[in-house]
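In what follows, a single structure is set out as structure tokens and then discussed.
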Amino acid sequence: SNALEVAHFLQQHPAVERVHYPGLPDHPQHELATRLLGQGRYGGLLAFELKKQSREATFRFMDKLQLCLPATTLGDVFSLVSYPPISSHRDLTLAEWQKMGITEGCIRLSVGIEDVRDIIDDLDQALRD
């Protein structure tokens, strides 16, 4: 439930270009995910893209986070962020990233069990310029 609420928040944020989360109705696999996983059980992982598509903007965002921790792996009770170009997709070329839909502004977020308002507040303050 935290991830779905965070996904809705990010979807409305002016600094965010796109949110990838199967719990959102506009996700291309939403219907399939709902059928397979059940309503409201879409998991805690999501990805989003900043409007400013640069490594610098992404690092600035991640450096400002106070609650959400940067990590090289995802999946914990704590909220964690990962930058695919230097973690999970570091061995791929720019062309391979583009083919897979990975952008310079792409961030993966494993939403933890903290109070969802605290998670959203942390993301919001980090997204502000």
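Along the sequence shown, residues are numbered consecutively beginning with 1.
Side chains of Arg35 and Leu32 form a contact here, defined as non-hydrogen atoms less than 4.5 Å apart. Side-chain contact between Leu4 and Val111: absent, with no pair of heavy atoms (C-beta onward) separated by less than 4.5 Å. At a threshold of 4.5 Å between non-hydrogen side-chain atoms, the residues Val116 and Val6 count as touching. By the 4.5 Å heavy-atom criterion applied to side chains, His13 and Asp124 are counted as neighbours. With a 4.5 Å cut-off on side-chain heavy atoms, Pro22 and His27 count as touching. Residues Leu46 and Leu10 have side chains in contact (heavy-atom distance under 4.5 Å, counting atoms from C-beta outward).
Across all their heavy atoms, Ala7 and Tyr21 have their closest contact at CB-CD2, 3.8 Å. Contact detail for Cys106 and Tyr83: the closest heavy-atom pair is O-CD1, 3.2 Å. For Gly44 against Ala3, the heavy-atom pair with the smallest separation is CA-CB, 3.7 Å. Of all non-hydrogen atoms in Leu127 and Ala15, the two that sit nearest each other are O-CB, 3.8 Å.
Annotation for Gln11: atom CD counts as buried by contact number, over 12 foreign heavy atoms lying within 6.0 Å. Atom CG of Leu69 sits in a crowded spot, with more than 12 heavy atoms from other residues, nucleotides or ligands closer than 6.0 Å.
Note that CZ of Phe48 is 4.0 Å distant from CD1 of Ile107, once rounded to the nearest 0.5 Å. Note: Cys68 SG to Leu80 CG = 8.5 Å, rounded to the nearest 0.5 Å. The distance from the CG atom of Asp118 to the OG atom of Ser79 is 9.5 Å, given to the nearest 0.5 Å. The distance from atom CG of Leu109 to atom CG of Leu45, rounded to the nearest 0.5 Å, is 8.0 Å. The CG atom of Leu50 sits 12.0 Å away from the CZ atom of Arg18 when rounded to the nearest 0.5 Å. With rounding to the nearest 0.5 Å, the separation of CD in Glu114 from CG in Asp121 is 12.5 Å.
With His20 as the fixed residue, the side chain to side chain donor-acceptor pair (under 3.5 Å) test singles out one of Arg108, Gln29, Glu49: Glu49.
Remark: side-chain polar atoms of Asn2 are paired, donor with acceptor, to backbone N or O of Gly112 under 3.5 angstrom.
Residues satisfying the salt bridge (Lys or Arg N to Asp or Glu O under 4.0 Å) test with Asp76, not counting sequence neighbours, are none.
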Output, in order, the C-alpha distance, side-chain angles, deciding distance and verdict of side chain to side chain contact (heavy atoms under 4.5 Å, CB included) for Thr34 and Tyr42. CA-CA 8 Å; Thr34 301; Tyr42 302 103; 2.6 Å; yes
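Between Glu17 and Lys51, none of the side-chain N atoms (NZ, or NE/NH1/NH2) sits under 4.0 Å from a carboxylate O, so this pair counts as no salt bridge.
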Give the table of side-chain donor-acceptor pairs shorter than 3.5 Å for residues 58-66, with sequence neighbours excluded, one pair per line with atom names and distance.
residue, atom, partner, partner atom, Å
Thr58, OG1, Ser54, O, 3.0
Thr58, OG1, Glu104, O, 3.0
Lys64, NZ, Arg128, O, 2.3

